[in-house]
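Take a look at this one; I'll ask things after.
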Amino acid sequence: MAEVLDITVAEQVAIEQAYEAMIASLRTPFSREDREQMDRAFRLANYSHRHQRRKSSEPYIFHPIAVARICAEEIGLGPTAICAALLHDVVEDTPVTTEELQEQFGERIAQMVNGLTKLDSAYQSESQQAENFKKVLSTLVVDVRIVLIKMADRLHNMRTIKSMPEHKQLKIAAETSYIYAPLAHRLGLYNFRSEFLDLCMKVLERDEYNSVARKLQETKAAREKYIESFIAPLREKLDELGYRYRIFGRPKSIYSIANKIKKKQVPFEQIYDLFAVRVILDVPREKEKLAAWAVYSTITDAYQAVPSRLKDWITIPKSNGYESLHTTVVGPGARFVEVQIRSERMNEIAERGFAAHWKYKGVSNHRDVYEQWFESVRDILDNPNSDTVQFLGDFRANSFFNEEVYVYTPDGDMVALPKGSTALDFAFSVHSMVGYHCVSILCDERIVPMSYELRNGDRLRVNTSPSQKPNPSWLDMVKTGKAKAKIRQSLKEEKRKAGELAREALLRRLKKLNVEDEKHAIEVLARYHTGGSHVDLFYDIGRETLSIAQVLKPFIVEHGKLTLPAAPAAPAQEKDADSKGRRNGTNRIKGHTKLLINGEPGDQLEYSMANCCNPVQGDQVFAYLTSNAGLKIHRVICPNAENLMANYDYRIMKAEWVSTTEHSFVAELQLTGLDSGKGVIERISHEIAEMDLDIRSFQIAAESGTFTARVSLLVRNTDQLLLARRGLQNLDNVSTVSRVE
Ligand code: MN
């Protein structure tokens, strides 16, 4: 970028003109001091960037001026933001420092420019863009104008993307459609969003873009004629209403038309809603709603309305602040025409999003939609554990939705959530602690599954218990970024705790083996298994990808020290295999709710685990209503399942595990191996005892040097079962371990 090429006189003139044009485009009034400060910002930027040119070879300063102009003209920002926009690249690309800016322009502007400066370029990571974006977003809570300037910066870069090399174009466009378009949408900058998407499409799907653009151009005259024929009969009636209004046809974006062609699999010629008719009313705030519905009434008197297409975002605005009344009517020639009715104020909010919202703050009696959103962004940012890529995912999940569902708290407060949100999302939206401890949720006084998809008008009540906590399956039961981030945070914390327990267990085991220098022993083990990382070692043991037996297996204890031997260590044999209970009665589960059956907590029903497949927490299961033994829970892969489902589907009920509880389940394992006559029973039962598991029954049969054993174990969940299988598999002389299905 830094080509030393002096700026010509002609260029200097063009630069001054561009700056003056930018000043002229300011929509907000400004004082003499404001003007003076903007001039100083311009001069400093112009001087600092004097040796730089853009890829297009024009002097670099044209870029900050253009960004400032977008801020002024298209977002409606004022003088302070204009200064920051003019200076937005100086700290990053020139020797000017934030401190100097602070001295010359004060704290506010310096802070804004700092927010717009990318992270240290020495900081290299795959997700650098995500890191940068996270930084920009974290400024949202400091000063939202920083994000707005960033949007203007990106928009200008997209408008001038042609001068970039092809591979960079692709990268920038992909990033724009992934991050900036949803962000624009969330900030209510609808025009930015459609321009972003159009410009991205121009790069990413050039042929489709060109084809739609060409056809739009070809059909322009006919379309304008049609719009006029649609509007003409309306004018007189609208005049009669006595409001000042504007009515016009507005083409839809190329992106949205192309999308429709793709989705509906029809040619361009069959897409009729290439435009929308917009009626904008110039009425005082208190008359807006009445006037909008009067216009609606007039239009639907003239043209037949399509009932399912009515959208009233005036009574309940979208959560990004959008207000408008949309309907679709049958126009001349039986063509569907979308009509958007709104006030000038609503129109300004729709076009300039947050900036306009600010202007009307307090005027509207709706809840502060941005405050709510900022709060959810803050929640995601506050999560210290979320890595940046995850963060972006959560942010997108939280921001990129068009439709919402409106539900109510028991007190009748309305909560807007993304469409597709679940009852559990609602719990987290109330408060993260309500989410953490949620045990059941009532919708209109009936218990629903946590994964229940919310519907408009639902009234929800959350029951909590201090002992409840999130489990991994919850991640599949939520849609909002906030809930996802909170659940992940809690699971991470659990894993850290699990690591701690693993450490203690390992220390206990070392002590038992008479290891004297435990610190050294752990060092040795970590070096052997996890490249020296203690944390990873405990973590792996904690999450049960490594068992303690496996960890110690290669070592022996010599003179109180752990060392690698020539031969593997034999486990001590001291326990009697039969010391554990052998009772194998019915395993009915009593007490706390563990299963939701058809959405109801299972403890209200009589149920038991089927003996044919012995389900364990975490298995995919279903409930079957027997004729005499109540409900039986079977695994989906149970050999009887297919038959039951095929022939008695009316007796099948949905069953889901709801939480990790302290209950145990019976699981049966079959082991085979070589009978070396050296105490196979002892070895197996010893290993099981080491894993802290209880044996319910143990049968073994030996024949011509091989054995087959059946062991019934009490386990808490599928993870623990997996651990047991791995541990047994690792024993000498054991060749196979399988679960008896
Ligand atoms: Mn820039």
Side-chain angles (χ1 to χ4, degrees), residues 16-46 61-91 98 101-117 136-137 139-156 183-184 186-192 195 285 320-321 344-364 368-371 373-374:
E16 297 286 343
Q17 280 171 349
Y19 174 67
E20 287 303 330
M22 186 278 292
I23 293 289
S25 75
L26 268 162
R27 293 187 182 195
T28 53
F30 54 89
S31 65
R32 182 193 294 267
E33 289 77 35
D34 289 335
R35 170 71 204 234
E36 194 229 49
Q37 195 177 43
M38 288 188 283
D39 287 352
R40 278 197 295 121
F42 164 58
R43 257 178 244 119
L44 177 61
N46 193 19
I61 187 66
F62 280 113
H63 167 65
I65 294 174
V67 172
R69 180 154 179 176
I70 294 170
C71 289
E73 200 168 31
E74 297 176 51
I75 311 179
L77 293 176
T80 312
I82 296 305
C83 289
L86 287 167
L87 295 165
H88 82 267
D89 277 333
V90 296
V91 174
T98 316
L101 290 184
Q102 183 154 351
E103 249 166 60
Q104 292 187 43
F105 297 94
E107 172 92 42
R108 183 101 287 195
I109 289 174
Q111 191 183 40
M112 287 166 80
V113 174
N114 184 41
L116 289 158
T117 303
V136 171
L137 211 61
T139 62
L140 187 79
V141 291
V142 178
D143 191 330
V144 72
R145 288 175 294 184
I146 300 172
V147 178
L148 296 173
I149 296 167
K150 187 76 195 163
M151 301 301 284
D153 184 26
R154 176 55 61 131
L155 185 57
H156 186 244
L183 184 54
R186 204 63 194 74
L187 286 163
L189 296 165
Y190 286 96
N191 291 350
F192 275 55
E195 193 174 345
R285 175 79 184 89
N320 61 3
E344 290 285 358
R345 179 191 66 87
M346 294 170 189
N347 192 50
E348 203 177 346
I349 286 176
E351 295 200 326
R352 301 203 289 117
F354 182 80
H357 171 86
W358 199 252
K359 180 174 152 191
Y360 294 105
K361 204 174 151 71
V363 177
S364 160
D368 195 323
V369 290
Y370 285 102
E371 258 323 305
W373 180 56
F374 288 172

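The analysis underlying the following values was restricted to heavy atoms, covering all of them including side chains, and did not include hydrogens, waters or symmetry mates.
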Parallel, tilted or perpendicular, as decided by the 30° and 60° cut-offs, for the rings of Phe42 and Tyr19: parallel
Non-hydrogen atoms of Phe30 and Pro79 that approach each other most closely: CB-CG, 3.6 Å
Could you walk me through whether Leu87 and Phe105 pass side chain to side chain contact (heavy atoms under 4.5 Å, CB included), step by step? CA-CA 10 Å; Leu87 295 165; Phe105 297 94; 3.9 Å; yes
Mind checking salt bridge (charged side-chain N to carboxylate O under 4.0 Å, His left out) for Arg43 and listing every partner two or more places apart, or none if nothing turns up? none
Side chain to side chain contact (heavy atoms under 4.5 Å, CB included) against Gln17, all qualifying residues, sequence neighbours excluded: Val13
Please name the pair of heavy atoms, one in Arg145 and one in Ala81, separated by the smallest distance, quoted to 0.1 Å. CD-CB, 4.1 Å
Quick one: side chain to side chain contact (heavy atoms under 4.5 Å, CB included) partners of Ala85, sequence neighbours excluded? Val67, Ala68, Cys71, Ile149
State the CD-CD1 distance between Gln37 and Ile109, to the nearest 0.5 angstrom. 4.0 Å
When rounded to the nearest 0.5 angstrom, what is the spacing between CG in Leu77 and CG in Leu26? 9.5 Å
Start with the C-alpha distance between Leu101 and Asn114, add both sets of side-chain angles, then the distance that settles side chain to side chain contact (heavy atoms under 4.5 Å, CB included), and finish with yes or no. CA-CA 9 Å; Leu101 290 184; Asn114 184 41; over 6 Å; no
How long is the straight-line distance from NE2 of His88 back to CD1 of Ile146, given to the nearest 0.5 Å? 13.0 Å
Are the charged groups of Glu36 and Arg40 less than 4.0 angstrom apart, N to O? yes
Any residue meeting salt bridge (charged side-chain N to carboxylate O under 4.0 Å, His left out) with Arg35, in chain and number order, not counting sequence neighbours: Glu20, Asp39
To the nearest 0.5 Å, what is the distance between CD1 on Ile65 and NE2 on His156? 10.0 Å
Specify the closest pair of heavy atoms between Ala184 and Phe192, including all atoms of both residues, with the distance to one decimal. CB-CB, 3.9 Å
How long is the gap from NE2 on His63 to CG on Asp89, to the nearest 0.5 Å? 4.5 Å
For Leu116 and Asp153: C-alpha separation, side-chain torsions, deciding distance, then whether side chain to side chain contact (heavy atoms under 4.5 Å, CB included) applies. CA-CA 10 Å; Leu116 289 158; Asp153 184 26; 5.8 Å; no
Quick check for you: to the nearest 0.5 Å, what is the distance between Asn191 atom CG and Leu155 atom CG? 10.0 Å
Take Leu183 and Lys150 through the test side chain to side chain contact (heavy atoms under 4.5 Å, CB included) and record every step on the way to the result. CA-CA 11 Å; Leu183 184 54; Lys150 187 76 195 163; over 6 Å; no
Could I get the full list of salt bridge (charged side-chain N to carboxylate O under 4.0 Å, His left out) partners for Glu73, not counting sequence neighbours? Arg69
Return yes if a side-chain donor-acceptor contact under 3.5 Å exists between Asp34 and Ser31, otherwise no. yes
Smallest separation among heavy atoms of Leu86 and Met38, with atom names: CD1-O, 3.8 Å
Which residue pairs pass the salt bridge (charged side-chain N to carboxylate O under 4.0 Å, His left out) test with at least one member in residues 74-83, sequence neighbours excluded? Glu74-Arg159
Taking all atoms of both residues into account, what is the closest heavy-atom pair of Met112 and Thr80, and its distance? SD-CG2, 4.4 Å
